[in-house]
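Naming: A, B, ... by sequence-line order, numbering from 1 per chain.
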Amino acid sequence: MPFTAKSGKFNASIKAVTIGTGDKAITIGGENVLPFYTFDAPIENAPKVGVEITDFGMENEPECIKKYYEGCTTLAEIAKKAASFEGVDFLCFRMEGGDPNGANKSTEELIAALKEVADAVDLPLVVSGSKNVEKDAELLTKAAEALQGKNAVILPAREENYKTVGAAAGLAYGQIVGAESSVDINLAKQLNVLLTQLGVNASNIAMNVGTATAGYGYEYVASTMQRVKAAALSQNDTQLQMPIITPVASETWGVKESITSEADIPEWGDQERRGVDMEVQTAAADLACGSNAVILKHPTSIATISKMIKELI
Amino acid sequence: MTLLDLIFNGNDTVYERVEKAVSEAVEKYGTDKAVAFPDTAYSLPSYYAMTGNKVANLGDLKEAMGVVKSMMTRNKRLHDGFQSGWATLLCAEFYEALKYIDGAKPYEAPYTGHLSDAYVREQGVPLVTGDIPGVAVIIGPAPTAEQGAALVKSYQGQGMLVAMIGGVIDQCVEQGVKTGPNVRILPLGQDILSVAHVISVAVRAALIFGNITPGDAKGLNEYTFKRVFAFVNAFAPLDNVTLACGAGAIAMGFPAITNDYPYRVPKSLIVQPDVDKWNATSLEARDIKIKITKIDIPVAFASAFEGEIIRRGDMQIEFDGSRVDCFELVQTKEASEVEDHKIEIIGPDIADFPVGSKQSIGYIVEVAGKSMQPDFEPVIERKFHSYLNCVEGMMHTGQRDMIRIRVSKDTFNAGFGLKHLGEVLYARVKSEFAAVVDKCQVKIYTDPEQCTKLRHEVAIPLFDKRDERLLTLTDEGVDVYYSCIMCQAFSPSHVCVVTPERLGLCGAVSWLDAKATNELDPQGPCQVITKERPIDERIGEYEDVNEAVRKFSQGALDDVSLYSIIEKPMTSCGCFECICGIEPLSNGVCIANREYAGMTPIGMTFPELASMTGGGVQTPGFMGHGKHFISSKKFMKAEGGVGRIVWMPKDLKEQVKDRLNATAKELYGIDNFCDMIGDETVAEDPETLLAFLEEKGHPALTMEPMM
Amino acid sequence: MALKGLDIFKLSPKKNCKECGSPTCMAFSMKVAQGAVDISACPYFSEEAKAQLSEATAPPMKTVKVGTGSEEFSLGGETVLERHEKTFVSKTRYAAFVCNCMDAATIDAKLSQIPAVEYERISEKMYVEMIYVNYAADGQSDYVELVKKAAALGRTMVLGCTDVEVAKAALAVCKDSKPVLNGATPDNYEAMNQVAKEAGVVLGVSGANMNEIYDTVKALEAAGNKDLVIDTTGATIKETFANTVQLRRAAIKDGDRSCGYPSIVNLRKLAKGDMHLQSALAAVFTIKYGSIVVMEEVTYAEALPLFGLRQNIFTDPQKPMRVEPGIYPINGGDENSICLTTVDFALTYFLVSGELERSGVPCNLIISDAGGLSVLTAWAAGKLSSGTIEKFWKEQDIESKIKSRKLVIPGKVAVLKGEIEAKLPGWEIIIAPTEASQLVKFLKDM
């Protein structure tokens, strides 16, 4: 008696969102099955992998990242280098220096940096803010303006500033709004509802439903993503059918398992390998739970995840 | 002449003037001459948005004049007036466009004339977010230059975008008011037809931010009405041309305010003779709410001060409701009775009292709003505690007429007075309850006699009325219930159905709370559930409720009953105050509260019961609930009501005793019902409990078998 | 659909005899419904009732026990497909791979690597719990000797061996440690079944595709063996993922009990030496239904994220993870360093401790018992109050352990400041920002 698996194909599907323009444009979402369930139905748009650089260039990066950018002195060079790594589908520029509690760089300075990066590469872009909602309202509005015509993702519009970021990115300058909520399906949905009420087209929204490093409260991320996908597909909840983009590197490269040097804890072994494995495992888990795109940093991680996606799709 | 006639007349005048100008231009340049505004991708934006047609050259413009003519119907109907208004605005746009032929720069500083797409996008974002609360279009000279400048500045102070036409510009220049796009004060031009430039901004906002398809005139008017909070301030005398332009503005949803005119149209053409009141009149007419961003007090305001304790030696003054008459109150008023941001102090201020003395205080926050309901009063009032505690050097405890407030010497010395107490209440209420509170004023009484009088004649009767309302609210007496999914982070499929007689099982969300939450945050965790299609009144099952539960549990739950513990009981999250479960031997239920650590006669402790009933899963025979629900007439109504309760921990029994006894008396005529209920001092096992119940003649023993 | 406790209770003897260990029949029935106890624990259920219930209460997926003593692990027994529905009960176990195809030096190196990984994380001991001992017919070392060597490490073993005779010989030296014999194929299952049964060990089933596997499982079930695990490893990563997911789904969702067995996923075959790819796949199969995941090696690099991920995924979705209350010195904090306090909710702890580490400021993080709830929830539930802090200070005798008298409390409970000042005389109470992310700046500015 042969094994007969019932199909788990759904009648509803995730919305397909195209990022970027021209030959290098990518599309995420569109599937009507759970992540990597190609045995239920083909997945047309494989999940995508982005590389992240920040306005600090290599200033704050660990040695094991820096070495891949040897010889790069300007942001433009760094961006070009990042774009050249194997497996990179898009580039994420994170303006972390804008945080008023940190370097507090001015909006003008950061926008100039963004333009330098945007002019250097032809990959689809994700722009990510400073983690400060007030600063982001201003910064991301200017970023959306600066990137007119690039069809970039502007991340994050959050509950506190969604009106400004949503209106600027989604309405005024025709970009894709990255809606960020913190690991709660209802908050994710509420934000999407609010953005669509504001007038943002539902197919111009991507979500970041929250992110964590493996081991660091990851259960909430896993369950939120799985529930979002379940609601989107099995309940046909149109307000949760936006594809998910998950920043990984900015989380994983901050935990002690990734950054403690081998000298400090010899038994843990090579720091680079640890950092990559933390990044790779977190990204793999995100993809298995429902992310349509992940943002990484180490070239080996990017190549590995890209290879894994190819193997699974 | 009727108002419509006057509009038609104004429209005809403009048409004639523009037709002439177009003909002259054609004669001068020929029909192939390009016509365009600089820096816009929307051609002649208003005409493009209204008709879907782009005008490229003078030939097109001539044709467009014909289209406009066709709009100028002359039936005596409102619609014709609106159409003629629009026709006037389009003519104005054409007239202005002619000025830009051959890349001319017709406007010199301070005048702006046409505004670029980039400016529309840049200002459009804050307009959409409400950071620019509205757009004021001011036409003509004010009675005095001071009044004109003051009006402009009042709008600027509220963060609005101000467009000016005609004499008011000169008045501003005279008074030294800075103008220009960067300060959001736009002197468009001297000619009334330069109004086209601000109309063009509104129209492009609709195209860019509203995704309005060019040619969708209805959609355009709807968008500007709903999303562009503009209004017109036109100083008398109002000529027919200005009136016709105003008719166009009204068609877009922008009311016009003037100071002297024989005609008025409710909500659209408003006459307010006192120019100093135009700001308030305009805001009210266009329903614009100004966001409060900062609180004007001399000390800090932050949650970090919430837990501050002011000791006796440090205090400047104490208002002590336990010794003298004090109260705090929110009252709903008519809009006309409330002057926004008015703060009145009736009686002496802090400085007038001896240091360290105990005094009376009573403050009434009077609010008005289209969506305000008296049911929200206690919800707002309950926040006062947190608001006042956030003030540095201020301590507030209690509520209603049992409040106590201390103000520290440091805070007093920093210049803090009672006015600032009013400022805090005003600012917080206006910002946190913006959805329901349109206007707010504060009255602070410190005169002891007034406090006594108001406390007994106003406050206490109102508190009593509210309590009465709470007690008399029944499930049958309301039209809707509310869902609450605040705890879905922990219990993914759990949905609370909150009814007047069955509060959320956490004990923290009453029907009124849920209602207020819904009103204040319509996309939030509490949603309206209708109850129009009952399936089974006995167990409290409704088609509507089931549909809502299915939706909010993402399909995890199919149906629930409101009043049964056996049949489709409501699910439990994890935050329930109490759990009740069947104790089969005595044919009743035992209730355990979270604080109770011991064993129950069911054979399970609270944590064991919790692990079996939590997580949003239906567990017949077991149910989580709030403490207040125990004395509800709806408690297990399907199984016979509170008479089923055979056991609960002593502490819990004490807490619910009075109300539960009253309910049992009403339902069964039993006195002192709680004395029949076992507790841990009587039994922790079913056999001993049963013996106790038999001795007491507990009603559960003679009820229908539960299973 | 599992039966409700009340349905079970209706069939119970209702005599509250306590012989089953539960104080009442109701409590017993509820536990049976939860799957916490077996119905056979009650001596008085009628045969008829038992028969009626056993079918309905039997879990859709079998629980298989392997190993002995402290190294005994349950595999399978899951009732849901995603963790938010109900707790995943049997953790994924990771097995390090050795093979008699390796030379002696490699084998020794591999085996010595296994105990090298051992640490504690949130009260859980983390180590490589299993060893996959593979047999290759053309291997250069003696398989039975290898098994003996591996067994000496005291880990639960999986014998990957399809040769009946070799398997028998290997089991002869290790069967008491209850290894898994991953050896049944469509060709040898009858003989292998005998070997496994005689040795009393769990049998692993593999095949070229799902049809082969399914048929073999059916045949083994017919032969009376339900102590099975299924090796879902296919030729490719994609196929393996499909096998593993479809098997679990058929068991849980469609109730096909012949699919309801734990899985073995052999990543060594799939990652082909790419250690980072193996790492990624280990994470995927931790989330998607790997019961035993075989890895070429498990060093700290793989283990640190993987065990953390597993610890997260296999938690009760309703009960937040907790850390042990106590004093946690950070950045070399000593008795004179400033103190900060927060709740024992693991997520809060990790966020706060991470930021404190980033600040580089030596300090003491004092975690009090707050029922594992987040700051605001604990405060609302009365589990974080001036009273609980005072009690904790006394219990832990903090004042004799720490000389500093500066205590930073979470910004979200600023409201507690005055009360804590009153209850902890001599302490200066400082309000932290409301978000952990602002702690670095806050501490540096102090």
Side-chain angles (χ1 to χ4, degrees), chain A residues 1-6 8 34-39 99 101-102 131 212-224 226-227 230 252 254-258 265 267-270 273-285 287-289 300-301 303-305 307-308 311-313, chain C residues 82-84 116-117 121 209-211 213-215 218 236-238 241-242 245-247 249-250 253-254 259 270 274-277 279-288 299-302 304-315 317 321 346-347 350-351 354 357-358 437-438 440-441:
Chain A
M1 187 169 98
F3 171 70
T4 44
K6 284 191 191 154
L34 291 178
F36 300 122
Y37 283 24
T38 52
F39 40 85
D99 188 352
N101 292 319
K131 286 198 171 170
T213 301
Y216 287 80
Y218 191 80
E219 64 271 33
Y220 296 96
V221 175
S223 284
T224 304
Q226 290 178 336
R227 292 187 61 209
T252 70
V255 302
K256 61 175 180 287
E257 288 89 336
S258 302
I265 309 185
E267 64 267 31
W268 277 9
D270 182 46
R273 183 169 169 191
R274 265 185 278 130
V276 169
D277 272 347
M278 187 57 96
E279 188 173 26
V280 151
Q281 288 199 26
T282 304
L287 293 167
C289 290
T300 308
S301 305
T304 304
I305 290 299
K307 183 171 167 189
M308 184 189 91
E311 288 281 353
L312 278 167
I313 293 291
Chain C
E82 290 183 341
R83 68 167 287 280
H84 66 82
V117 174
R121 189 178 201 275
N209 53 48
M210 279 307 289
N211 290 339
I213 292 173
Y214 193 69
D215 284 341
K218 282 275 184 202
T236 62
I237 292 171
K238 189 171 173 167
F241 184 73
V245 170
Q246 286 180 307
L247 190 77
R249 198 167 64 184
K253 208 164 142 229
D254 308 327
C259 293
L270 303 175
D274 182 340
M275 286 301 119
H276 291 306
L277 180 61
S279 219
L281 292 173
V284 169
F285 285 105
T286 299
I287 284 166
K288 290 290 182 182
T299 68
Y300 268 102
E302 288 84 17
L304 290 171
L306 199 50
F307 287 138
L309 179 68
R310 180 181 72 178
Q311 193 172 41
N312 286 163
I313 297 298
F314 289 83
T315 46
M321 258 203 311
L347 199 53
F350 277 126
L351 271 172
E357 277 165 17
R358 283 213 301 133
S437 58
Q438 296 154 359
V440 175
K441 186 173 162 30

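Side-chain contact between C:E302 and A:R273 is present, with at least one heavy-atom pair separated by less than 4.5 Å. Here the side chains of A:Y218 and C:R310 are not in contact, with every heavy-atom distance at 4.5 Å or above. Side-chain atoms of A:F3 and C:I213, non-hydrogen and from C-beta on, never get closer than 4.5 Å to each other.
Proximity to chain A (any heavy atom under 4.5 Å) is shown, for C:L309, by both the backbone and the side chain. Both the backbone and the side chain of C:I237 come within contact range of chain A, judged by heavy atoms closer than 4.5 Å. Contact annotation for A:L287: neither backbone nor side-chain heavy atoms come within less than 4.5 Å of a heavy atom of chain C. Contact annotation for C:A346: neither backbone nor side-chain heavy atoms come within less than 4.5 Å of a heavy atom of chain A. Heavy atoms closer than 4.5 Å to chain C are found in the side chain of A:T38, but not in its backbone. Contact of C:Q246 with chain A is made through backbone and side chain together, with heavy-atom distances under 4.5 Å. When heavy atoms are compared at a cutoff of 4.5 Å, A:T224 does not approach chain C at all. For C:D274, the part lying near chain A is the side chain, with the backbone staying farther off; criterion is any non-hydrogen pair under 4.5 Å.
Taking each heavy atom of A:G8 and C:R249 in turn, the nearest pair found is N-NH2, 3.6 Å. Across all non-hydrogen atoms, the minimal contact from A:G217 to C:N312 is N-OD1, 3.5 Å. Of all non-hydrogen atoms in A:A214 and C:P305, the two that sit nearest each other are CB-O, 3.9 Å. Taking both residues in full, the closest heavy atoms of C:A280 and A:A284 are given as O-CB, 3.2 Å, listed atom of the first, atom of the second, then distance.
Looking at A:Q281, its side chain does come within 3.5 Å of a backbone N or O of C:L306 through a donor-acceptor pair. Under the 3.5 Å distance criterion, the side-chain polar atoms of A:D277 are left unmatched by any main-chain donor or acceptor of C:S279. With hydrogens and angles ignored, the 3.5 Å screen pairs no side-chain donor or acceptor of A:R274 with any backbone N or O of C:Y300. Side chain of A:Q226 to main chain of C:H84: no donor-acceptor pair is present (N/O by atom type, distance under 3.5 Å, no hydrogens or angles).
Annotation: the span from A:F39 atom CZ to C:K238 atom NZ amounts to 10.0 Å, rounded to 0.5 Å. Going from atom CG of C:N211 over to atom OG1 of A:T4 covers 8.5 Å, rounded to the nearest 0.5 Å. Separation of atoms CG (A:D99) and NZ (C:K441) is listed at 9.0 Å; rounding is to 0.5 Å. Separation of atoms CD (C:E82) and CG (A:L34) is listed at 6.5 Å; rounding is to 0.5 Å. The distance from the SG atom of A:C289 to the CZ atom of C:R83 is 9.5 Å, given to the nearest 0.5 Å. A:I265 contributes atom CD1, which lies 8.5 Å from atom CG of C:L304 (distance to the nearest 0.5 angstrom).
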Trace of the side chain to side chain contact (heavy atoms under 4.5 Å, CB included) decision for C:L270 with A:E311: CA-CA 10 Å; C:L270 303 175; A:E311 288 281 353; over 6 Å; no

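Ranked by heavy-atom pairs shorter than 4.5 Å toward chain C, the options A:S223, A:A212, A:A222 are led by A:S223. Of the listed residues (C:I287, C:N209, C:L351), the greatest number of heavy-atom pairs within a distance under 4.5 Å of chain A belongs to C:I287. Options C:L277, C:V440, C:L247 differ in how many heavy-atom pairs under 4.5 Å they form with chain A, and the most are formed by C:L277.
With a 6.0 Å cutoff to the six-membered ring centre and a 45° limit on the axis angle, C:R121 counts as a cation-pi contact of A:Y216.
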